[in-house]
Amino acid sequence: MTPTTTTDVRSLVRPNILTLIPYSSARGEFKGNADILLDANESPFDNGHNRYPEPLSTDIRMALAEIKNIDPDQIFIGNGSDEIVDQVTRIFCNPGKDSVVALPPTFGMYKVAAGINDAEFRAVNLLPDFSIPVSELKSSWDETSKILWLCSPNNPSGNLMEADVVEDLIRSFPGIVVLDEAYIDFVPEASFLPRIDEFPNLIITQTLSKGWGMAGVRLGAAYASKFIVTMLRAIKMPYNINVLTQGVALAALKQPEVMRERVAILISERKRLERELPKFPFVDHIFPSVTNFLLVRFVDSDKVYRHLLENGIVVRNQSYQPNAKNCLRITAGLPEENDRLLEALRVL
Ligand SMILES: Cc1ncc(COP(=O)(O)O)c(C=O)c1O
């Protein structure tokens with residue numbers, strides 16, 4: 001049965017997590033104003049980071065709430081979306097009993113998180129054009145299946161999953177659907193976020209690592225019902241987002257136009273690579289992408305990979321992934337970096 005109410009979603013949570021008494025941090029307990037802080041055994045010498053960070057990244061949630069037009073209590077901030085992938089698995093999967101379902105080739109951390117948490121990982125391969133094999137997928141899950149991982153736009157294929165199919169899956173999956181929108185800043189109109197309240201069993205994850213250009217600060221966000229956000233808060237490390245990250249991320253979120261300009265440059269560079277790469281005889285196929293990267297099938301991907309490395313250029317080998325034989329994933333870089341990529345390929 002598809003969970004359609006908070007009560008249904010609550011029944012999917014591991015019983016020990018539901019009854020967990022979360023760690024209560026000194027800064028979390030403190031309400032009101034005080035100018036002398038003797039509550040957390042910190043150092044009093046002000047160097048900009050002698051105090052523990054605000055536990056719920058409230059300033060960041062407020063900024064994102066405004067940008068995304070959503071209630072800040074429906075936002076959870078994680079140490080990268082990687083942390084959220086692990087947390088969601090821990091909240092819903094009873095180790096040794098439950099399963100998760102994902103659609104390779106896709107982002108690798110869903111499987112790693114299942115492995116860490118001793119959840120069975122059920123893989124239903126995407127079709128050769130990287131669309132979803134809906135009926136095969138629907139017959140893969142059962143009452144042990146707690147999470148369905150959907151990645152749209154998908155890494156490494158770069159395509160969006162069809163909105164109708166995504167909606168149908170959210171409405172038919174008997175557990176939590178996580179829609180990973182890590183690359184959504186390259187195609188914001190495709191986001192499911194404006195519809196989050198229609199689906200009590202939906203968690204949307206996004207990140208500052210891609211379009212926002214801040215992979216180094218480690219900041220991801222989950223958008224979901226208030227109940228699911230409460231569960232994510234209950235199991236997080238007390239101070240998961242450090243002071244430096246909160247400061248840098250907040251400053252960037254105040255300048256969304258900088259992000260948009262850079263996203264536009266990267267999209268135009270990806271399109272240039274899409275036009276230029278097919279001119280090489282050793283390029284077999286370029287998969288359509290809406291992101292900042294391209295999945296490219298070569299006649300001999302190992303040869304291209306080695307040649308690029310010899311020229312100081314590293315791309316990601318995806319050949320081991322289903323339906324991605326002889327494929328390399330190439331991220332759009334700066335214009336001059338992409339020039340060098342094309343120059344290197346000209347002398348292969
Ligand atoms: C689809 C997808 N989800 C999540 C992530 C991880 O993002 P973060 O840097 O926020 O942990 C990546 C990073 O490559 C990704 O490709």
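In this chain, residues are counted from 1 in sequence order. Ligands are counted one by one from 1 in listed order, and the atoms in each one are counted from 1 as well.
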Is the shortest distance from a Lys or Arg side-chain nitrogen in [X] or [Y] to a carboxylate oxygen in the other one below 4.0 Å?
{"X": "R346", "Y": "E343", "answer": "no"}
{"X": "E269", "Y": "K271", "answer": "no"}
{"X": "E310", "Y": "R306", "answer": "no"}

### Task
Under 4.0 Å, heavy atoms only, figure out whether ligand 1 is touched by the backbone of S81, its side chain, both or neither.
both
### Task
Report the part of D180 in contact with ligand 1, treating N, CA, C, O as backbone and CB onward as side chain, heavy atoms under 4.0 Å; options are side chain, backbone, both, neither.
side chain
### Task
Consider every N or O of Y110 and every N or O of ligand 1, then say whether any pair is closer than 3.5 Å.
no
### Task
Just do the side-chain contact (heavy atoms from CB on, under 4.5 Å) check on W212 and T207 with the steps written out, would you?
CA-CA 8 Å; W212 286 93; T207 179; over 6 Å; no
To which protein heavy atom is [atom] closest, and what is the distance rounded to 0.1 Å?
{"atom": "atom 9 (O) of ligand 1", "answer": "S209 OG, 2.6 Å"}
{"atom": "atom 4 (C) of ligand 1", "answer": "F107 CE2, 3.3 Å"}
{"atom": "atom 6 (C) of ligand 1", "answer": "D82 OD1, 3.4 Å"}
{"atom": "atom 11 (O) of ligand 1", "answer": "R218 NH2, 2.7 Å"}

For ligand 1, which atoms, with element, lie under 4.0 Å from some heavy atom of [X]?
{"X": "K210", "answer": "12 (C), 13 (C), 14 (O)"}
{"X": "Y183", "answer": "1 (C), 14 (O), 15 (C), 16 (O)"}
{"X": "N155", "answer": "1 (C), 15 (C), 16 (O)"}
{"X": "C151", "answer": "1 (C)"}

### Query
Pick one: which of T106, I132, V178 meets side chain to side chain contact (heavy atoms under 4.5 Å, CB included) with L150?
I132
### Task
Group every Ile, Leu, Val, Met, Phe, Trp and Tyr by side-chain heavy-atom contacts under 4.5 Å, then state whether V315 and I286 land in the same group.
yes
### Query
Closer than 4.0 angstrom: is that true for some heavy atom of A215 and an atom of ligand 1?
no
### Message
Can you pull out every ring-ring contact (aromatic ring centres under 6.0 Å, His included) where at least one residue sits in residues 71-108? Sequence neighbours excluded, please.
### Response
F107-Y110
### Message
Between D197 and Q74, do the side chains contain a donor N or O and an acceptor N or O under 3.5 Å apart?
### Response
yes
